[in-house]
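One structure below.
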2 protein chains.
Amino acid sequence: MSETASTVGSTTYQRIKRDIIFGALKPGAKLKLDALKAVYKTSLSTLRETLNRLASEGFVEAPPQRGFLVKPISVIDLKEIAHLRVLLECHALELSLENGDTDWEGNLVSAHHKLNLMEQKMLGGDASKKEIWKRYDWEFHLAMIQACNSKNLLALHSTLYDKYLRYQMIVLTNRGEAAVQEHRDMFEAAIARDAEKAKSLLTQHIENGLEHTLAAMDRGELVV
Amino acid sequence: MSETASTVGSTTYQRIKRDIIFGALKPGAKLKLDALKAVYKTSLSTLRETLNRLASEGFVEAPPQRGFLVKPISVIDLKEIAHLRVLLECHALELSLENGDTDWEGNLVSAHHKLNLMEQKMLGGDASKKEIWKRYDWEFHLAMIQACNSKNLLALHSTLYDKYLRYQMIVLTNRGEAAVQEHRDMFEAAIARDAEKAKSLLTQHIENGLEHTLAAMDRGELVV
DNA sequence: CTTGGCAATAATATCTGATATTTTTATTTT
DNA sequence: AAAATAAAAATATCAGATATTATTGCCAAG
């Protein structure tokens with residue numbers, strides 16, 4: 001979701017990943033190399049490097065000898081991802097609440113505040129900024145667990161967050177006021193260092209999102 | 001650890017990954033492209049694709065503009081990995097014990113039997129077969145959790161197992177009889193579907209391995 | 001001697017273009 | 001309509017070229 005280093009490779013990587021997450025590249029779509037070369041204006045070699053990376057992260061599939069395709073979606077997959085996110089994020093949250101110092105807390109307050117501001121705007125119906133809004137959501141969730149003291153854990157979580165996000169972006173509707181309140185509750189439990197409560201709220205938060213997405217998928221409300 | 005598809009790319013991938021895990025490529029070592037090209041007899045493009053994949057899995061680092069190097073080791077990193085393995089493998093184990101059917105059980109019995117046979121040989125001092133032995137260890141641990149019903153979870157676990165394994169291969173000594181007994185206990189708890197006991201044994205098993213490796217690292221007993 | 005700066009060298013990132021092999025698609029035959 | 005086959009498209013892999021960036025070694029200044 002973040003990453004700097006403006007080399008051609010890393011830029012292409014970010015762009016394609018973003019296009020997969022936000023649905024510009026549809027689940028299951030064939031990723032024809034020549035076509036991508038034209039779209040992303042980059043060479044075959046760079047493209048293949050990028051796609052290999054995305055394949056190993058699970059955003060792309062690479063069946064041998066037949067190129068690449070956007071990882072398909074499925075209800076099963078979504079459920080797995082949601083449950084793993086609960087597992088990892090709760091664990092990280094617990095560690096983070098134990099270790100978080102003043103800086104951590106300050107950063108969290110800031111992240112929550114920014115998210116909240118954005119959420120108010122979103123409630124006003126301005127859906128054009130979905131992407132920015134989700135960046136604040138990410139930054140809030142990251143801020144919560146940032147003091148967990150495990151780079152490996154944060155890395156795994158980051159990928160899971162993105163996979164979960166893709167499913168959220170696939171459905172048209174958002175959860176509105178409910179999610180806003182959940183963020184606020186989690187935030188307060190975190191500041192109070194109430195790990196059990198925070199974890200339970202987080203679990204609920206993710207599972208509510210899951211249900212919402214599943215329901216929308218059932219009704220076929222997908223972004224085509 | 002497994003994988004078929006004998007394309008040049010996937011073969012090189014497996015070989016380099018294996019060389020990192022088993023220490024032929026030392027932690028922190030610079031991966032010069034020309035040198036690798038000669039060793040693995042493959043083209044630059046294929047090599048870079050491979051290294052990109054390994055980088056995204058965390059076996060290789062790729063600082064921008066300066067090529068690739070084998071992921072360095074550290075005590076911190078080892079601890080993180082061990083703890084994550086406990087978290088994920090215990091979770092998977094619990095699910096697996098709930099869902100495992102007769103086929104799962106049969107496969108587990110077989111995997112444990114094979115591991116046990118190999119372990120008896122190893123106790124006899126034949127360290128030359130470390131790699132084969134570890135494959136049986138892997139197959140046993142995988143058999144335990146295979147019925148967890150989550151491809152995503154199994155994929156994450158597989159990578160963690162390999163990372164943990166690398167640290168184990170770095171120290172010279174093995175844990176011998178103790179680990180054999182632990183495997184047996186875990187196996188029996190699993191067959192009895194005693195999830196709590198199985199999880200606690202597994203946790204202990206991994207943490208014992210961690211302590212053993214940490215102690216050896218402290219004493220500097222590293223494979224150079 | 002050590003440190004800072006600069007030239008020479010090595011290595012990387014990226015691109016273009018070529019070829020063998022494999023898939024996919026279209027066409028023909030039974 | 002199914003099977004067999006030919007034609008077209010796409011992929012995997014390789015080789016080689018270039019601009020850019022890192023590294024190394026050398027020399028002067030303190």
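Quick caveat, the model's predicted, so the values are computed rather than measured.
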B/S/- contact track for nucleotides 11-25 of chain C, protein heavy atom under 4.0 Å
SSSBBB-----SSS-
Non-neighbouring partners of His205(A) that pass ring-ring contact (aromatic ring centres under 6.0 Å, His included), sequence neighbours left out
His141(A), His183(A)
Residues, nucleotides or ligands: over 12 heavy atoms within 6.0 Å of Leu117(A) CG
yes
Tell me yes or no: between the side chains of Glu57(A) and Tyr13(A), is some donor less than 3.5 Å from an acceptor?
yes
Applying side chain to side chain donor-acceptor pair (under 3.5 Å) as the test, list every pair that has at least one member in residues 144-154 of chain A; sequence neighbours left out.
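Pairs touching residues 144-154 of chain A that pass the test: Ser150(A)-Glu80(B), Asn152(A)-Asp77(B), Asn152(A)-Glu80(B).
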Taking side chain as C-beta onward, heavy atoms only, is Phe187(B) less than 4.5 Å from Leu108(B)?
yes
